[in-house]
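Nothing fancy with the numbering, it's 1 onward along the sequence. Small disclaimer: the values here were computed from a predicted structure and weren't measured. Below, all heavy atoms of this structure are taken into account, side chains as well, without hydrogens, waters or symmetry copies.
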Amino acid sequence: MKRSATSSATSSAGSVLAAGAALMLAAHAAPALTSIAPLRRRLLPGLSGQGRPDHVALTFDDGPDPRSTPAFLELLRAQGVRATFFLLGEMLSRAPDLGAELVAAGHEVAVHGWRHRCLLVRGPRDTYDDLARARDLIGAVTGRQPRWFRPPYGVLTTSALRAAQRLGLTPVLWTAWGRDWEAGATPESIVATVTGRLCGGGTVLLHDSDCTSAPDSWRRTLAALPAVIDGVGARNLRMGPLADHGVVSSRSH
């Protein structure tokens, strides 16, 4: 009888611990539901990057990359368009002068993290350290304190939201993307994908580096960019960085 009671108690305790762990995991991962674009656009327009109806925010992820970012800077200069670049600290540490060049050219810099790793597999301390390290390097290299944060893969966690709040960063995702990271993407498919979802007040996500994308995918993004810019202009909309966008909600957490 004693062995049976002990076994039953041990089993119950194990069940409680397992349930507690499951609840903690669910709480950690719950914000990841915002990666579902239709849900996010409807319920959290600020997190989606919804801004002024006469404006479109142009954003790039994963740089700065010496192989590709300078070509985007040159094209944007020729087009007279400024953008927000979400930088990876790991990439910036290899090309600090390029980060400074982004700001000198009038572009906005923001935090994409230190490494491009899904935050679902990171705990609170690791998440905070990753964001803080990237934020501090961006500030030191560019002389500008970043305001925005976009998580890798657009996947947020409770830990990321808390870290962003402590660091004075506002999470922002996007309303339209080009799926330009895919191996099968073409300039035509990128333009069609962006413009098919885009409307006034929207935020566009593209990539100025292929460090986490299909090799040379940035070349197709670069080729698509003039048509994307022209398409926005044809709708009598202005295009620029998030700083000029008037995001609906300054905090989404």
Side-chain angles (χ1 to χ4, degrees), residues 49 51-88 91-92 94-110 112 138 141-144 146-148 150 172 174-182 185-246:
R52 301 199 326 263
D54 64 340
H55 190 269
V56 168
L58 178 62
T59 70
F60 295 93
D61 284 6
D62 294 354
D65 191 331
R67 297 187 309 114
S68 53
T69 303
F72 285 86
L73 284 175
E74 177 59 28
L75 190 152
L76 292 170
R77 184 199 62 77
Q79 294 277 346
V81 173
R82 294 180 299 121
T84 300
F85 286 80
F86 285 85
L87 307 182
L88 289 171
M91 296 293 285
L92 180 61
R94 300 170 186 166
D97 290 346
L98 188 52
E101 186 178 344
L102 283 168
V103 170
H107 300 292
E108 184 179 32
V109 287
H112 200 32
I138 291 171
V141 166
T142 68
R144 300 289 176 85
R147 173 183 176 187
W148 312 103
R150 176 178 289 158
V172 64
W174 58 86
T175 63
W177 60 9
R179 300 191 71 89
D180 54 338
W181 66 88
E182 297 177 339
T186 66
E188 293 76 20
S189 73
I190 293 168
V191 173
T193 304
V194 169
T195 56
R197 181 68 66 181
L198 189 60
C199 59
T203 291
V204 174
L205 163 62
L206 294 170
H207 295 79
D208 64 308
S209 171
D210 63 1
C211 67
T212 65
S213 306
D216 282 338
S217 57
W218 68 268
R219 298 184 187 277
R220 298 184 283 276
T221 304
L222 186 69
L225 190 53
V228 171
I229 294 172
D230 289 346
V232 170
R235 301 185 192 188
N236 294 318
L237 300 171
R238 296 177 57 234
M239 177 174 268
L242 283 165
D244 297 343
H245 193 49

* Would F72 and L225 count as a side-chain contact (heavy atoms from CB on, under 4.5 Å) if you check the C-alpha gap in whole Å, the side-chain angles of each, and the deciding distance to 0.1 Å? -> CA-CA 9 Å; F72 285 86; L225 190 53; 4.0 Å; yes
* To do: For S68 and D208, run side chain to side chain donor-acceptor pair (under 3.5 Å): C-alpha distance rounded to whole Å, both residues' side-chain angles, the deciding distance at 0.1 Å, then the answer.
  => CA-CA 6 Å; S68 53; D208 64 308; 5.4 Å; no
* May I have the step-by-step check of side-chain contact (heavy atoms from CB on, under 4.5 Å) for D65 and M91, ending in yes or no? => CA-CA 7 Å; D65 191 331; M91 296 293 285; 3.8 Å; yes
* To do: Show your reasoning for whether side-chain contact (heavy atoms from CB on, under 4.5 Å) applies to L92 and V109.
  => CA-CA 11 Å; L92 180 61; V109 287; over 6 Å; no
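For the pair T175 (side chain) and T203 (backbone), a donor-acceptor distance under 3.5 Å is present. Remark: side-chain polar atoms of T193 are paired, donor with acceptor, to backbone N or O of S189 under 3.5 angstrom. Using a distance-only test at 3.5 Å, with no hydrogens or angles considered, a donor-acceptor pair links the side chain of E108 to the main chain of A243.
Put simply, CG on D62 and CG on D210 are 9.5 Å apart, with the number rounded to the nearest 0.5 Å. The NE2 atom of H207 lies 12.0 Å from the OG1 atom of T69; values are rounded to the nearest 0.5 Å. Atom CZ in R220 sits 13.0 Å away from atom CG in L206 (nearest 0.5 Å). Atom-to-atom distance recorded for L98:CG and L73:CG is 6.5 Å, nearest 0.5 angstrom. For the atom pair OG of S217 and CD1 of I190, the computed distance is 8.0 Å after rounding to the nearest 0.5 Å. For the atom pair W174 CH2 and T59 OG1, the distance stands at 8.5 Å (nearest 0.5 Å).
Evaluation of the salt bridge (Lys or Arg N to Asp or Glu O under 4.0 Å) test over residues 233-245, restricted to residues two or more places apart or in two chains, returns R82-D244.
Counting all heavy atoms, side chain and backbone alike, G99 lies closest to T142 at O-CG2, 3.6 Å. When all heavy atoms are compared, the tightest approach of A83 to F60 is CB-CE1, 3.8 Å. Nearest heavy-atom pair across F86 and L242 is CZ-CD1, 3.7 Å. When all heavy atoms of L102 and P64 are compared, the closest pair comes out as CD1-CB, 4.4 Å. Nearest approach of H107 to F85, heavy atoms of both residues: CG-CE1, 3.7 Å. When all heavy atoms of H55 and H245 are compared, the pair lying nearest together is ND1-ND1, 2.8 Å.
A 4.5 Å side-chain heavy-atom check between I229 and L76 finds at least one atom pair inside the cut-off.
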